[in-house]
Amino acid sequence: MDWLVVSNIVLWIGFIAMVLVNLALARQIGVLYERVAPAGALMMNQKLAVGAEAPVLAVNTLEGEALELGKTAGDKSQLLFFLSPDCPVCNELTPALKSAARAEADWLRVILASDGEEQDHQAYVERKGLQAFPYVVSELLGKTFGVSKLPYAVLIDEQGKIASMGIINSREHLDSLFEAKERKVASIQDYMNKRSAQQYVEADKA
Amino acid sequence: MPESIAIGLAWFFAWLFGQAAYHKFSAPDYYRQLIHRYAAVLPASSAIVIGIALAEAAIALSLLFPEFRGAGLLVAAALLLMYAVLMGREILRGRAGAQCGCAGPGSQLGISWGLVVRNGVCAVLALLCLGTGGTADVGWLGLLLAGFVAIFTALVYLTAEQVMSNAQWMAEEA
């Protein structure tokens, strides 16, 4: 075989190995982003703002119960949790959601929301044991609350205002919504940013 | 375009459409909702998902056989452009960042102009391959080069997708 052919083959193998290394590096960055996700849920919402009045929407649950979402009338806060039977992260989160709902039951009402065919959701509710939660299937609801990625949650306080919201990938993210409401900040990131700015000013003064 | 490179690119497209069909066959419920979101005029029906998956599988198979390669490339380019148009329309509707479904149900990759451009580039590559006959005997060295081109293009495609996904993570954090 001609040496030129051999050298070409070797070069191709080396070249593909280099591209493979690039892919591996890019993948590692992606994995790092997933693992070192911020402690607080990312807001990512172009329709709602924390502190603003929540949109009020009359809906029916899968069980036929009439609900007025966004209208809390000084009663309990509402946590609208947007999920989908096809979303793997949502499926992993249901035990954490049940546990959080039990732990915060004295001040919080958890409402599950999704869109699509009702029969799919009925089977999903039974499979995941979500019968204890009101479950709303409405495309309009997701659009009204500006939900673009799942799982997503919006916490509405007792006065019917948006207390906090964000993408929920873990129990920690879910708790960060409650924490943000308690501390009266838009998000935990916001709180951390303000705190680090404060520390910076204090260090500067010293 | 040299024959070997055209064959390599055809193999790459066969992998791409084979993978797309596999994703749809393995998660029909996810794609049922997704297709309904992209085109609300279509009902959220499993038959549509299976139809698209079968079409993609047929494209993948046709690209492996020289006699059908031309037709396969033409349909592949048309489908890639159609997906690009649908994604562009979603962005213009203010739904950038919504799950695109390009890399399977487990991926968090959102719709972006980068993906529209990527689909456009792939469609142009498919059309460029049409210029060659695709049936000439290129010998074993030509086939080896085609194999390298296919692997290289697939890796660049995956890397580009990962880089876009990373960019979306970074933009969310900013």
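Order of the sequence lines fixes the chain letters, A, B, ..., with proteins taken first and strands second; residue numbering starts at 1 for each chain. Since the model is a prediction, treat every value here as computed from it, not as a measurement.
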Original post:
Would the number of heavy atoms belonging to other residues, nucleotides or ligands and lying under 6.0 Å from OH of B:Tyr22 be above 12?
Top reply: no
Original post:
Does the pair A:Trp12 and B:Ile151 meet the rule for a side chain to side chain contact (heavy atoms under 4.5 Å, CB included), with working shown?
Top reply: CA-CA 10 Å; A:Trp12 262 109; B:Ile151 295 170; over 6 Å; no
Original post:
What distance separates A:Leu23 CG from B:Tyr157 OH, expressed to the nearest 0.5 Å?
Top reply: 13.0 Å
Original post:
So which part of A:Asp120 gets closer than 4.5 Å to some heavy atom of chain B, the side chain, the backbone, both or neither?
Top reply: side chain
**OP:** Please flag which part of B:Leu34 lies under 4.5 Å from any non-hydrogen atom of chain A: side chain, backbone, both or neither.
**Re:** neither
Original post:
Are B:Arg32 and A:Asp86 close enough for a salt bridge, meaning some N to O gap below 4.0 Å?
Top reply: no
**OP:** Check whether B:Leu155 gets within reach of chain A through its side chain, its backbone, both or neither, counting any heavy atom under 4.5 Å.
**Re:** both
**OP:** Below 4.5 Å from any heavy atom of chain B, which atoms of A:Leu150 appear? Answer side chain, backbone, both or neither.
**Re:** backbone
**OP:** State whether the side chain of A:Asn22 and the backbone N or O of B:Thr159 hold a donor-acceptor pair below 3.5 Å, judged by distance alone.
**Re:** no
Original post:
What's the verdict on side chain to side chain contact (heavy atoms under 4.5 Å, CB included) for A:Glu139 and B:His36, showing C-alpha distance, side-chain angles and the deciding distance?
Top reply: CA-CA 11 Å; A:Glu139 200 177 327; B:His36 183 59; 4.2 Å; yes
Original post:
Of all heavy-atom pairs between A:Glu117 and B:Gln33, which one has the smallest distance, and what is that distance?
Top reply: N-NE2, 4.0 Å
Original post:
Can you name the closest pair of heavy atoms from A:Gly30 and B:Asn166 and give their distance?
Top reply: CA-OD1, 3.2 Å
Original post:
In Å, rounded to the nearest 0.5 Å, how long is the span from CZ of B:Phe152 to CG of A:Leu20?
Top reply: 12.5 Å
**OP:** Please indicate whether A:Gln131 has more than 12 foreign heavy atoms, meaning atoms of other residues, nucleotides or ligands, lying under 6.0 Å from its CD.
**Re:** yes
